[in-house]
Amino acid sequence: MIKLENIQKRFGELEVLKDVSLNVQKGTVTAIIGPSGSGKTTFLRCINVLEQPNNGKITIDDQTIDFSNKVSKKEIISLRSKTGMVFQQHHLFPHLTALENVMEGLVTVQKVNKEVAKKKATDLLVKVGLEDKINLLPHQLSGGQQQRVGIARALALEPTVILFDEPTSALDPELVQEVLKVMKELAEEGMTMIVVTHEMRFARDVADEVIFMDGGYIIEQGHPSEVLEKPKQDRTKQFLRLIQ
């Protein structure tokens with residue numbers, strides 16, 4: 001359902017992604033782990049073309065973009081519409097309420113009727129446990145609540161896949177669990193998710209596959225029990241020793 005082939009990305013002389021390929025099946029959770037600077041976030045941003053790869057192919061559903069050729073803005077917008085993104089820093093509109101933040105993409109991008117968008121946004125905020133916060137502005141919400149608004153906003157556009165870029169790393173420890181709880185519930189419902197994370201327990205308990213990246217490559221991948229408990233590669237073993 002999602003196929004990434006030989007993705008390469010350079011920033012000037014720095015080659016951040018050297019040759020990364022990955023297949024993600026519908027309804028699965030893929031956790032990407034690795035040290036800072038390994039290319040995890042850049043890889044995630046390439047999937048929805050927030051960063052345009054220098055080479056390689058991306059297929060989501062029935063659309064393929066080959067980045068060795070010239071790519072049109074229309075192709076990028078179409079591919080991006082199949083993805084939802086939840087950022088490390090919440091990126092909510094500060095002047096809009098939680099409800100308005102979730103409605104925004106429905107109304108402005110999908111041209112959904114405002115009353116229909118309001119009902120859908122309300123239902124999604126209830127789903128993530130924020131039914132009593134819908135009329136509050138972001139600064140009136142905790143970090144965990146803001147992140148849950150971000151998840152509701154991503155869900156609103158009914159994407160094929162949701163991409164999470166270290167969604168709990170900017171949160172106080174006591175707020176981490178409320179966000180992970182929502183993500184676990186989405187996984188149980190069969191939402192396709194690719195998650196860059198430092199939360200090893202989440203990767204172990206929720207992911208169907210764990211990817212370990214370093215130096216712009218996928219070094220190791222497999223079931224969480226294999227990668228996290230019986231890694232084959234020395235680099236993976238070294239990384240896990242440091243963080244567990």
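Sequence positions, counted from 1, serve as the residue numbers for this chain. What you see is a predicted model; the values in this text were computed from it and never measured. All values below were derived from every heavy atom in this structure, side-chain atoms included, with hydrogens, water molecules and symmetry-related copies excluded.
- Under a 3.5 Å cut-off, the side chain of Q147 and the backbone N or O of P167 do form a donor-acceptor pair.
- Here the rule is side-chain contact (heavy atoms from CB on, under 4.5 Å) with I194, and of I47, T28, D165, V29 only I47 fits it.
- The two residues D208 and G27 make their nearest non-hydrogen contact at OD2-O, 4.4 Å.
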Subject >> Worked check of salt bridge (charged side-chain N to carboxylate O under 4.0 Å, His left out) between E178 and R148 >> reply: CA-CA 8 Å; E178 66 185 56; R148 285 187 279 157; 2.9 Å; yes
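- Ion pairing between E51 and R45 holds under the 4.0 Å rule for side-chain N and carboxylate O.
- What you find for L171 and L175 is that their closest heavy atoms are CD1-O, 4.0 Å.
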**OP:** Begin from the C-alpha positions of K127 and E185 and carry the test salt bridge (charged side-chain N to carboxylate O under 4.0 Å, His left out) through to its verdict.
**Re:** CA-CA 10 Å; K127 181 184 180 74; E185 288 167 357; over 6 Å; no
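- A pairwise comparison of heavy atoms in D66 and K57 identifies OD2-CE, 3.5 Å as the closest pair.
- Listed here is the closest heavy atom pair of K70 and E75: O-OE1, 4.2 Å.
- By the 4.5 Å heavy-atom criterion applied to side chains, I76 and Q52 are counted as neighbours.
- Judged by distance alone, the side chain of N113 and the main-chain N or O of E115 form a donor-acceptor pair under 3.5 Å.
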Subject >> Check against side chain to side chain donor-acceptor pair (under 3.5 Å), Q88 and S169 >> reply: CA-CA 7 Å; Q88 184 175 341; S169 65; 3.0 Å; yes
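- Closest non-hydrogen pair, Q145 versus K133, comes out as NE2-CE, 3.4 Å.
- In the hydrophobic clustering of ILVMFWY residues, with side-chain heavy atoms under 4.5 Å counting as a link, V227 and Y217 come out together.
- Under the 4.5 Å side-chain heavy-atom criterion for Ile, Leu, Val, Met, Phe, Trp and Tyr, L96 and V107 are members of distinct hydrophobic clusters.
- Between the side chain of K40 and the backbone N or O of G34, at least one donor-acceptor pair lies under 3.5 Å.
- I32 and V161 fall within a single hydrophobic cluster, where Ile, Leu, Val, Met, Phe, Trp and Tyr side chains are chained together by heavy-atom contacts under 4.5 Å.
- Between the K181 side chain and the V128 main chain, no donor and acceptor come within less than 3.5 Å of each other.
- Taking a cutoff of 4.0 Å between a charged side-chain nitrogen and a carboxylate oxygen, R204 and E229 qualify as a salt bridge.
- A continuous path of ILVMFWY side-chain contacts below 4.5 Å connects V210 to I219, so both sit in one hydrophobic cluster.
- Looking at E220, its side chain never comes within 3.5 Å of a backbone N or O of F212 through a donor-acceptor pair.
- Panel note: side chain Q8, backbone N54; no donor-acceptor pair is recorded below 3.5 Å.
- Among all heavy-atom pairs drawn from C46 and L17, the shortest one is SG-CD1, 4.0 Å.
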